[in-house]
S.K.: 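The following block contains the structure, expressed as structure tokens.
This structure is a prediction, so every number in the text was calculated from the model and none was measured. Order of listing sets the numbers, starting from 1, for every ligand and every atom in it. FYI, the numbering just counts along the sequence from 1. Both backbone and side-chain heavy atoms feed into the values below; hydrogens, waters and symmetry mates do not.
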Amino acid sequence: MGTYEKITPPDTGERITFSNGEPNVPDNPIIPFIRGDGTGVDIWPAAEKVFDAAVAAAYGGKRKISWFKVYAGDEACEKYGTYQYLPQDTLEAIKEYGIAIKGPLTTPIGGGIRSLNVALRQIFDLYACIRPCRYYAGTPSPHKNPEKLDVIVYRENTEDIYLGIEWRQGSEIADKLIHLLNNDLIPATPEHGNKQIPLDAGIGIKPISKTGSQRLVRRAMKHALRLPPNKQMVTLVHKGNIMKYTEGAFRDWGYELATTEFRAECVTERESWILSNKERHPDISLEDNARQIDPGYDNLTAEKKAQICGEVESVLNAIWSTHGNGQWKNKVMVNDRIADSIFQQIQTRPDEYSILATMNLNGDYLSDAAAAIVGGLGMGPGANIGDECAVFEATHGTAPKHAGLDRINPGSVILSGVMMLEFMGWQDAADLIKKGIGGAIANREVTYDLARLMTPPVEPPLKCSEFALAVIKHFHS
Ligand SMILES: NC(=O)C1=CN([C@@H]2O[C@H](COP(=O)(O)OP(=O)(O)OC[C@H]3O[C@@H](n4cnc5c(N)ncnc54)[C@H](OP(=O)(O)O)[C@@H]3O)[C@@H](O)[C@H]2O)C=CC1
Ligand SMILES: O=C(O)CCC(=O)C(=O)O
Ligand SMILES: [Mg+2]
């Protein structure tokens, strides 16, 4: 057992361990929780009540969670002293018990400490941030058909600019780097021409690795294979037209991973065009097939044309027998979309998407935007998953203006707990909570955020704590 300075694990309960990336869960697991800053004071107690009620109702005392309070953020500084935002005790506890759940933690803008939320993901290598955005019937939305959106943002969680390697404008290292780049590295790279970095720039580093990209896409592919046939799709989201060697590489590595490790189970969008061209016109020439998949084909250089014909030929040689004649329609579709386009696509063609595999920053933006369509951040759960640890947390932050008022929507943390219970294999408890949330919303028993969007508006809205009770009441309705 770990040694702790200021906290004591519960007397009863056992550890969750991991083997081959999967949790082994005893009937009485100890689960550390971080209450969180800001509205964490409201959300956590409400959510805990729902989790305990659901587990008790589902398993009648056979299973029970022993909660282990651990500290981070402002609460940690109060207990452990100034600047002790993420005490060693907390890290030890999460490491020892494997699965944890947390409320939001504050990150100052422009200076001060770096994000504790991001630090936890990096320390425990929680490389997949999974944020489902799914509609609950009756939830008000600014969109006409929010029920059409059912996507899961699969966000790479450990690198990109979130690695936090950057230098302030005017600092010695920023100046050194700018001079090195302007005088040496940029001139040595012909494709950069005579570009120069402004001397008064701050500098940030955006590393995107093959390993980081592929392990995220691997998890996304495995998830897609567990979905119903019509949702078996992974869309690689990137801005690779502009950032070719980072975001473009993410796309290329994603396709490479899918078409090697999952060759029998997937088809890329481009492959599907090649195959269906041949299905519709069995005698189609390689060149006519190439012309149809690349609309600008006739204006390309001879070299580029030969390359596309080669692509058509190798696809047909490699997968016609296994994927042709419509067999590809039963495989996981892997496609890619440019990041700005996907923001409008999830609004204009929501039902055409399922799993959205993204790099860190794009996934951060996209998960808030997708949550807005299905009712807002109060309905946006999340999970940070690694191979030996998992930390569940909502998509939103501390919402400080609502802190301590018992008014914020705890739905997102409650739904994060649903993800946790499902990850633990406690599906019956998870299902009760989903039913309870659905029942409460359908009955217009909602907090201010949903109340103000409903027609007619719900007045007065439920408090945060009352919403938790409404969810419990609707477990069996
Ligand atoms: N994982 C984490 O812990 C995260 C932490 N943060 C941190 O949180 C702090 C505050 O960030 P901020 O930009 O204000 O973003 P927040 O996500 O905290 O809040 C922005 C707005 O979203 C709405 N909202 C958020 N949560 C809920 C909820 N549970 N129910 C209903 N509505 C909700 C509220 O809108 P309205 O007032 O219009 O109703 C709120 O004012 C920052 O320090 C930031 O760094 C941010 C994101 C994630
Ligand atoms: O850590 C933070 O303060 C913000 C992180 C964030 O917005 C997110 O992970 O969604
Ligand atoms: Mg965010």
S.K.: Need the ligand 1 atom indices (1-based, order shown) with element for anything under 4.0 Å from a heavy-atom of P104.
M.R.: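 Matching atoms, with element in brackets: 3 (O).
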
S.K.: Under 4.0 Å from a heavy atom of T106: give me the atoms of ligand 1 that qualify, with their elements.
M.R.: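 Reading through ligand 1 atom by atom, the close ones are 43 (O).
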
S.K.: Going by heavy atoms in the side chains, are L356 and I342 under 4.5 Å from each other?
M.R.: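 The answer is yes, as the side chains (C-beta and beyond) meet within the 4.5 Å cut-off.
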
S.K.: Ignoring angles and geometry beyond distance, decide whether G103 reaches within less than 3.5 Å of ligand 1 through its nitrogen or oxygen atoms.
M.R.: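 No, there is no polar N/O contact under 3.5 Å.
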
S.K.: Would atom 10 (C) of ligand 1 count as contacted, meaning some protein heavy atom under 4.0 Å?
M.R.: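 Yes; the ligand atom in question has protein heavy-atom contact below 4.0 Å.
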
S.K.: Any protein heavy atom at under 4.0 Å, with atom 25 (C) of ligand 1 as the reference point?
M.R.: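 Within 4.0 Å of atom 25 (C) of ligand 1, protein heavy atoms are found.
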
S.K.: If you count the atoms of ligand 1 from 1 in the order shown, which ones are under 4.0 Å from a heavy atom of G378?
M.R.: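 Taking each heavy atom of G378 in turn, ligand 1 has 28 (C), 29 (N), 30 (N), 31 (C) under 4.0 Å.
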
S.K.: When the aromatic ring centroids of F423 and F392 are compared, is their separation below 6.0 Å?
M.R.: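 Judged by ring-centre distance (under 6.0 Å), F423 and F392 do meet the cut-off.
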
S.K.: When you measure from the Mg ion (ligand 3) to each N, O or S atom of D364, which atom gives the shortest distance?
M.R.: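 This residue's closest N, O or S atom turns out to be OD1.
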
S.K.: Atoms of ligand 1 less than 4.0 Å from D449 heavy atoms?
M.R.: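 Those of ligand 1 that fall under 4.0 Å from D449 are 30 (N), 31 (C).
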
S.K.: To which protein heavy atom is atom 28 (C) of ligand 1 closest, and what is the distance rounded to 0.1 Å?
M.R.: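 Here the nearest protein heavy atom works out to I408 CG1, 3.4 Å.
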
S.K.: Is any N or O atom of H402, backbone or side chain, closer than 3.5 Å to an N or O atom of ligand 1?
M.R.: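 Yes - when backbone and side-chain N and O of H402 are compared with those of ligand 1, one distance drops under 3.5 Å.
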
S.K.: Is the shortest side-chain heavy-atom distance between P350 and N145 below 4.5 Å?
M.R.: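 Not in contact.
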
S.K.: Which bit of R121 gets closer than 4.0 Å to ligand 1, counting heavy atoms only: side chain, backbone, both or neither?
M.R.: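 The side chain, only.
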
S.K.: At what distance, to the nearest 0.5 angstrom, does CG of L116 lie from OG1 of T106?
M.R.: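 So the CG of L116 and the OG1 of T106 are separated by 8.5 Å.
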
S.K.: Quick one: look up the protein heavy atom nearest atom 22 (O) of ligand 1 and list residue, atom name and how far away it is.
M.R.: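 Heavy-atom neighbour on the protein nearest atom 22 (O) of ligand 1: L377 CD1, 3.5 Å.
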
S.K.: Kindly indicate, with the supporting measurements, whether the criterion side chain to side chain contact (heavy atoms under 4.5 Å, CB included) is fulfilled by K79 and E75.
M.R.: CA-CA 6 Å; K79 190 169 178 77; E75 226 194 349; over 6 Å; no

S.K.: Check whether the side chains of R270 and Y255 place a donor and an acceptor atom closer than 3.5 Å, and report yes or no.
M.R.: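 No.
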
S.K.: Before giving the answer on side chain to side chain contact (heavy atoms under 4.5 Å, CB included), spell out for K222 and R219 the whole-Å C-alpha distance, their side-chain angles and the decisive distance to 0.1 Å.
M.R.: CA-CA 5 Å; K222 286 184 182 166; R219 220 171 232 282; 5.7 Å; no

S.K.: Is there a donor-acceptor pair closer than 3.5 Å between any side-chain N or O of E269 and the backbone N or O of V334?
M.R.: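 Such a contact is absent between E269 side chain and V334 backbone.
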
S.K.: Would you indicate which of E393, R114, R155 comes nearest to atom 8 (C) of ligand 2 when only heavy atoms are counted?
M.R.: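 Heavy atom nearest to atom 8 (C) of ligand 2 belongs to R155.
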
S.K.: Test side chain to side chain donor-acceptor pair (under 3.5 Å) on Q214 and E256; report intermediate values, then the result.
M.R.: CA-CA 9 Å; Q214 292 199 331; E256 181 193 277; 3.0 Å; yes

S.K.: Assess T447 for proximity to ligand 1: is some non-hydrogen atom of it under 4.0 Å away?
M.R.: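 Under 4.0 Å: no for T447.
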
S.K.: To which protein heavy atom is atom 7 (O) of ligand 2 closest, and what is the distance rounded to 0.1 Å?
M.R.: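 For this ligand atom, the closest protein heavy atom is D364 OD1, 3.3 Å.
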
S.K.: May I ask you to check if R35 and Y71 form a cation-pi contact, with NZ or CZ under 6.0 angstrom from the six-membered ring centre and within 45° of the axis?
M.R.: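 Checked: cation-pi criterion not met.
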
S.K.: Find the distance between SG (C464) and CD (E466) and round it off to the nearest 0.5 Å.
M.R.: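 It is 9.5 Å, given to the nearest 0.5 Å.
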
S.K.: What protein heavy atom sits nearest atom 3 (O) of ligand 2, and how far away is it?
M.R.: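 Atom 3 (O) of ligand 2 sits closest to the protein heavy atom T107 OG1, 2.4 Å.
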
S.K.: Who's the nearest protein heavy-atom neighbour of atom 5 (C) of ligand 1, and how far?
M.R.: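 Result: L105 O, 3.3 Å.
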
S.K.: In the protein, what heavy atom is nearest to atom 43 (O) of ligand 1, and what distance, to one decimal place, separates them?
M.R.: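 Protein heavy atom at minimum distance: T107 N, 2.9 Å.
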
S.K.: Please check this pair: side chain of D89 against backbone of E5, looking for a donor-acceptor N/O pair closer than 3.5 Å.
M.R.: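 Flag set: sc D89 to bb E5 pair under 3.5 Å.
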
S.K.: Which protein heavy atom lies closest to atom 46 (C) of ligand 1, and at what distance to 0.1 Å?
M.R.: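 Protein heavy atom at minimum distance: G397 CA, 3.3 Å.
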
S.K.: Please determine if E48 and K69 form a salt bridge, counting it only when a charged side-chain N lies under 4.0 Å from a carboxylate O.
M.R.: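 Result for this pair is no, no salt bridge flagged.
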
S.K.: Among protein heavy atoms, which sits nearest to atom 1 (N) of ligand 1, and what does the distance come to when rounded to 0.1 Å?
M.R.: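 Here the closest protein heavy atom is E393 OE1, 3.0 Å.
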
S.K.: With a 6.0 Å cut-off on ring centres, are F51 and F33 close enough?
M.R.: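 Between F51 and F33, the centre distance exceeds or equals 6.0 Å.
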
S.K.: Quick test: of every protein heavy atom, which one is nearest to atom 29 (N) of ligand 1, and how far off is it to 0.1 Å?
M.R.: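 Heavy-atom neighbour on the protein nearest atom 29 (N) of ligand 1: N409 O, 2.8 Å.
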
S.K.: Working to the nearest 0.5 Å, report the span between OG1 of T12 and CG of N28.
M.R.: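 It comes to 5.0 Å.
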
S.K.: Tell me whether the NZ or CZ atom of R15 lies within the 45° cone about the ring axis of Y97 and under 6.0 Å from its centre.
M.R.: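 No.
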
S.K.: Considering only protein heavy atoms, which is closest to atom 35 (O) of ligand 1, and at what distance to one decimal place?
M.R.: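 It is Y448 OH, 4.1 Å.
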
S.K.: Do we see a donor-acceptor contact under 3.5 Å between the side chains of N24 and T17?
M.R.: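 Distance-only check passes for N24 and T17.
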
S.K.: By number and element, which atoms of ligand 1 are closer than 4.0 Å to a non-hydrogen atom of K401?
M.R.: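 Every atom of ligand 1 under 4.0 Å from some heavy atom of K401: 37 (O), 41 (O).
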
S.K.: Please state which part of M379 comes within less than 4.0 Å of ligand 1, counting heavy atoms only: side chain, backbone, both or neither.
M.R.: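 Looking at M379 and ligand 1, no heavy atom falls under 4.0 Å.
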
S.K.: Run the numbers for me: atoms of ligand 2, each under 4.0 Å from some heavy atom of N117, listed by number.
M.R.: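 This gives 1 (O), 2 (C), 3 (O) as the contact atoms.
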
S.K.: Checking contacts here: is it the side chain or the backbone of V413 that comes within 4.0 Å of ligand 1, counting heavy atoms only? Could be both or neither.
M.R.: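 Looking at V413 and ligand 1, no heavy atom falls under 4.0 Å.
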
S.K.: Would you say Y127 and Q122 are linked by a side-chain donor-acceptor pair, where the criterion is simply a distance under 3.5 Å?
M.R.: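 No - no donor-acceptor pair under 3.5 Å links their side chains.
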
S.K.: Which is it for T398 and ligand 1 at heavy atoms under 4.0 Å: side chain, backbone, both or neither?
M.R.: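 Near ligand 1, T398 shows its backbone as well as its side chain.
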
S.K.: Quick test: of every protein heavy atom, which one is nearest to atom 1 (O) of ligand 2, and how far off is it to 0.1 Å?
M.R.: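 Residue, atom and distance for the closest contact: S115 OG, 2.5 Å.
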
S.K.: Using distance alone, determine whether Y162 and ligand 2 share an N or O pair under 3.5 Å.
M.R.: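 N/O-N/O distance below 3.5 Å does not exist for this pair.
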
S.K.: Flag atom 37 (O) of ligand 1 as yes if some protein heavy-atom distance to it falls below 4.0 Å, otherwise no.
M.R.: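 So atom 37 (O) of ligand 1 has protein heavy-atom neighbours under 4.0 Å.
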
S.K.: Go through ligand 1 atom by atom and flag the ones less than 4.0 Å from a non-hydrogen atom of R452.
M.R.: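 Numbered from 1, ligand 1 contributes 36 (P), 38 (O), 39 (O).
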
